[in-house]
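One structure is given below, encoded as structure tokens.
All values below were derived from every heavy atom in this structure, side-chain atoms included, with hydrogens, water molecules and symmetry-related copies excluded. Chain naming here is simple, since letters A, B, ... match the order of the sequence lines and numbering starts at 1 in each.
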Amino acid sequence: MTTSEIKITPELIRAHGLSPEEYEKIKSILSREPNLTELGMFGVMWSEHCSYKNSKPILKLFPTQGPKLLVRAGEENAGIIDIGEGLAICFKIESHNHPSAIEPFQGAATGVGGILRDIFTMGARPVLLMNSLRFGSLEKPHNRRLFRGVVAGIAHYGNCIGVPTLGGEVYFQNCYEGNPLVNVMCLGIVNKDAIVKGKASGGGNPVYYVGATTGRDGLGGAAFASRELTEESQEDRPAVQVGDPFMEKLLLEACLELTQTDALVGMQDLGAAGLTCGTCETASRGHSGIQIDIAKVPRRETEMTPYEVMLSESQERMFIIAKRGKEKIVEDIFTKWDLHAVKIGEVKDGNEMRVFEEGRLVAEVPARALADEGPVYRREEKEPGYLKALQKLDLSKITEPKDFQEVLKKFLSHPSIASKAWVWQQYDHMVRTDTVFYPGHDAALIRIKGTQKGIAVSTDCNSLYCYLDPYEGGKIAVAEAARNVACSGAVPIGVTNCLNFANPMKPEIFWQFHRAVEGMAEACRALKIPVTGGNVSFYNESPAGAIYPTPTVGVAGLLENIENRVPSFFQNEGDLIFLLGETFEEIGGTFYLTVWHGLEQGLPPRLELDREVRLQEFILEQARASRLVSCHDLSEGGLALALAESTFNPAKSMGAICDHLDLIPAKIREDALYFGESQSRAVISVHPEDKEAVIQAAQHHKLPIYLIGKVDGNLLQIGDRIRLSVSELRSLYENAIPEKMKT
Amino acid sequence: MYNAKINVTLKKSVLDPQGQTILHALESLGFKDVKKVRVGKFFELLIEACDRKTAEEKIKEMCHQLLINPVIEEYTFEMGEVK
Amino acid sequence: MRAVVVVFPGSNCDTDCFHVLRDVIKTPVEFVWHKEGNFPKTDLVVLPGGFSYGDYLRTGAIARFSPAMESVRRHAAEGRPVLGICNGFQILLEAGLLPGAMLRNKTLSFVCKPVWICVEDTHTPFTQKTQRGELLQIPIAHGEGNYYCDEETLKKLKDNSQIIFRYCSEKGEVGEAFNPNGSRDHIAGIVNERRNVLGMMPHPERASEAILASEDGRKIWESVCL
């Protein structure tokens, strides 16, 4: 039985994730019943993953305009921002959560492969990778296995392809038990005049398929159902996609070489929804029709149906639209790289997408309807009932610790805070010889050879804040990622986000999603950083429950002159240490409350955006004036942890005596002063000669500034509650994860 | 046509850290009676040759030229005829 | 002085070496695609790091059959310098231009970090501008840098002073604690008997500019590009 003969039943429609109303819409588009291949194509293209049907109305809240934007969010695979001197950056973050939960090594590796293709598809050379990883507690062997596998998978792919992986963030929280998050970000650099669009235009232009062969990998549950109908064995169905970074390296080099010629019309990677997505999206963007013959698609398995070929998500495949008459240029370049480019069809006038198999028409759909006219829903939302109670925190019941030193030591030994060197030493973070700040700094920093410029990148999200108050949490995620970038001396210029949430059909979850996006959007507007794209990942839950809302934010920043970069660590004995910003009695949702008191409750800290703007403006101005020797933002763990981390200079530990906490005028509990997480704060160190100039500049910006101590000796002293040797602290910090991973 | 199955392992004199790690992991899973683990590679190839002896010669040649590194590795193989 | 950097499919430190030679050391340099059997006339050949052929089969095992390797052999046979870095070192071993072989790191994982190495011998084109016993901080980045050779070979390497770099502490102490991959006798780099072919695991191109963590690697480039 062939797929075209299979009768479309309500069960089959449901198995493709389509509602009866959506099916009616498909029938009215086609003016007939779809065949199974067409049903499969609509099923994947109208899924949340490809169409954003549930999230689109909310994503519209993000500001996506900016004077430097060359390609806006949603127009292409990733947004592009002009950075001057004829150059532009292109960046995006994406999730690979579910594949990584099943097979951590290959799941994470193929996630890296996918995000790299998103970037080089635009003609940009990928220059850095980052990631945001979240797991359950490392006390459990299963979570250690996931952690080890994910890190090794990322290392395997990134190292082999030769793009440095500059760390990112790793958290261990119980809410990710059974549903780890693997969010990977890539940034590329492109010459403004070499930007490639994912479009198919110009009737008669040839369409090429190049890269790995097509197999049955990645076919989803719906495809499974269809397969049963065709009575084929399921035994040989690969459960997970396997990445081939060597193939991707060849594709990367060949595609970038192709962008230097005049033979290219458009380019698109074949990722989610595979050939279906590649054909209909490029045709829709190019306002054209398209025709392919899938008999020409190189395959690794026999007897594949048109349905399977069109929906396969085999990795490392590209879709190239060339200029008619320039076929030889394209073919020669791929041959040079030992790749075989196969002409599988051509661009057509009109707007129909036609799929043939050896001359027999197997699918015919208007490209635009499939790619861009999917349904859009405004889902129901409702504030979760538990929230009000959870936000209450009676501080009188929270007793202050007797020994603050023990608190700091516990922080440093916690895997979420401890050094991640165990992770990033497995990543080649130096290849390309552009890495100026190694992982461990507030932001990763690379130089751009041949210019004075640098690019700083940071990823961030405090998901507990988002759980307790999604709006404030969303705001803080953007502000903190931008603050990290600013602390390195770079001006934040763009945001990408990966919105990890649970089931959006639940009104409480959708409410979290909506509120978090509202908060993020407000912060983006205040900080004047447009959103350039990203990804939504729903259904992140396990039998244990939903994950905390985790809208991971990636911010890219530009340093016009890399000589003005600011490290995160103290550098010289005798430098003065200042605290910037106001400290309030904010203990709700803090790391301190979580790990010392075992409570995940209260209102998280409030973020006032005008304070944040003033802080970042001041830091950037002082960085340009070369007055900041170091700058480190305050986040989890508050002032005490920020000071401790500042002493961990990778080249040489630096002690600090901060015995002037009394100058901070806040009348608050001592634990809030040491460990509270009030926003819009940073610790800077400054040469004594610059003392007055820095204080005056802060006053000019109406930014509170307190001289709390100086860099000195080999002890860390904070007020009269903490006095510990830096080497002892550093050893806790550096050994925590390796110790846990020994077993 | 001949079907050759080639097993490649590290030479006995060469430390095999993968094998040791796996041995350790097996022990911790309760497989206390495992005394030694050596990790290797396995190749399966179909080869056209006029007779068995020629096929064997070819296999040996391939092993020495490419499939193994004689400094650290050694190999064994079995061969069967396929019709 | 002219140099070429050989590019294999999967090389990924090729542009880094090219950059240092051209922009830092100011030496004329060209890329040579691995399919080119005949080199342009050159004084120095660099085999860069990376994952040639994806490191499939064994590191460097497939690259050694590239047409360009014939030229590399001829070049080496004429006594002119060949520098193999990381994957380049692995290729030289597989090609038999240097003795020994590479095993997986003793930790079984890829490791990328700055390490200290000690210059053991200065009578090579690559170390002539360094001092014997000089300590250099240069990053490593590899999963298979665990150098292995048999007793007899090791004795020969020692007798002929072919061991050029050893891993050490920042004070110059040699020992297990400072050996990142388990290599035999803490070897980080060796030369052939004729002393014109050097293989080393650390990446000098990653430590040749002030803006990067160390500039110690430049001494190697300056020695060979004299």
Side-chain angles (χ1 to χ4, degrees), chain A residues 125 127 148 151-152 154-167 243-254 335-339 421-439 445-447 449-450 452 454 562-563 565 650-652 738 741, chain C residues 7-20 22-24 33-36 48-57 59 62 66 86-87 105 107-115 137-144 170 180 202-214 217:
Chain A
R125 176 168 287 280
V127 295
R148 193 188 303 275
V151 169
I154 290 171
H156 165 69
Y157 212 104
N159 296 353
C160 184
I161 202 163
V163 177
T165 305
L166 303 182
D244 180 354
F246 176 57
M247 170 65 82
E248 180 123 321
K249 169 74 174 169
L250 301 181
L251 278 176
L252 161 70
E253 296 300 339
T335 304
K336 170 186 164 186
W337 289 95
D338 294 328
L339 295 165
W422 183 90
V423 176
W424 51 257
Q425 283 185 352
Q426 295 185 52
Y427 303 150
D428 189 341
H429 52 276
M430 305 171 185
V431 63
R432 298 188 52 76
T433 61
D434 290 329
T435 310
V436 177
F437 283 168
Y438 288 177
L445 176 67
I446 58 157
R447 64 168 168 178
K449 288 189 188 103
Q452 288 295 304
I562 200 156
E563 295 310 319
R565 66 189 179 274
K652 178 180 184 290
M741 296 309 290
Chain C
V7 183
F8 299 94
S11 292
N12 61 31
C13 303
D14 46 345
T15 54
D16 302 350
C17 292
F18 186 90
H19 163 71
V20 168
R22 187 188 64 182
D23 303 329
V24 181
W33 183 235
H34 75 114
K35 287 179 188 168
E36 289 173 36
F51 287 70
S52 57
Y53 294 93
D55 270 0
Y56 297 147
L57 189 60
T59 56
I62 302 179
S66 285
C86 198
N87 191 228
N105 293 349
T107 58
L108 299 182
S109 48
F110 189 95
V111 58
C112 175
K113 64 178 185 185
V115 297
Q137 193 185 29
I138 300 183
I140 52 164
H142 58 249
E144 297 200 12
E170 59 178 307
H203 287 268
E205 78 280 11
R206 297 184 181 193
S208 294
E209 294 165 89
I211 196 170
L212 304 176
S214 159

>> So, taking the atom named NZ in C:Lys113 and the one named CG in A:Asp428, what distance separates them when rounded to the nearest 0.5 Å?
In response: 14.0 Å

> Between A:Arg447 and A:Val436, is there a donor-acceptor pair closer than 3.5 Å when you use the side chain of the first and the backbone of the second?
Replying inline: no

> Looking at C:Ile211, C:Val111, C:Thr15, which makes the most heavy-atom pairs under 4.5 Å with chain A?
Replying inline: C:Ile211

> Using non-hydrogen atoms only, which part of A:Ile562 is less than 4.5 Å away from chain C: side chain, backbone, both, or neither?
Replying inline: side chain

>> I'd like to verify something: which residue of A:Ile161, A:Thr435, A:Asn159 has the highest number of heavy-atom pairs under 4.5 Å with chain C?
In response: A:Asn159

> Would A:Asp434 and A:Lys449 satisfy salt bridge (charged side-chain N to carboxylate O under 4.0 Å, His left out), going step by step from the backbone distance to the final call?
Replying inline: CA-CA 7 Å; A:Asp434 290 329; A:Lys449 288 189 188 103; 3.2 Å; yes

>> Quick check: do C:Phe51 and C:Asn12 have side-chain heavy atoms less than 4.5 Å from each other?
In response: yes

> Between A:Phe437 and chain C, which part of the residue has a heavy atom less than 4.5 Å away: side chain, backbone, both or neither?
Replying inline: neither

> Would you say the side chains of A:Asp244 and C:Tyr56 form a donor-acceptor pair under 3.5 Å?
Replying inline: yes

>> Out of A:Gln426, A:Met430, A:Met247, return the one with the most heavy atom pairs under 4.5 angstrom to chain C.
In response: A:Met430

> Using non-hydrogen atoms only, which part of A:Lys336 is less than 4.5 Å away from chain C: side chain, backbone, both, or neither?
Replying inline: both

> What residue, out of A:Gln425, A:Glu253, A:His156, A:Lys249, has the most heavy-atom pairs lying under 4.5 Å from chain C?
Replying inline: A:Gln425

> Between A:His429 and A:Tyr438, does the ring centre distance come in under 6.0 Å?
Replying inline: yes

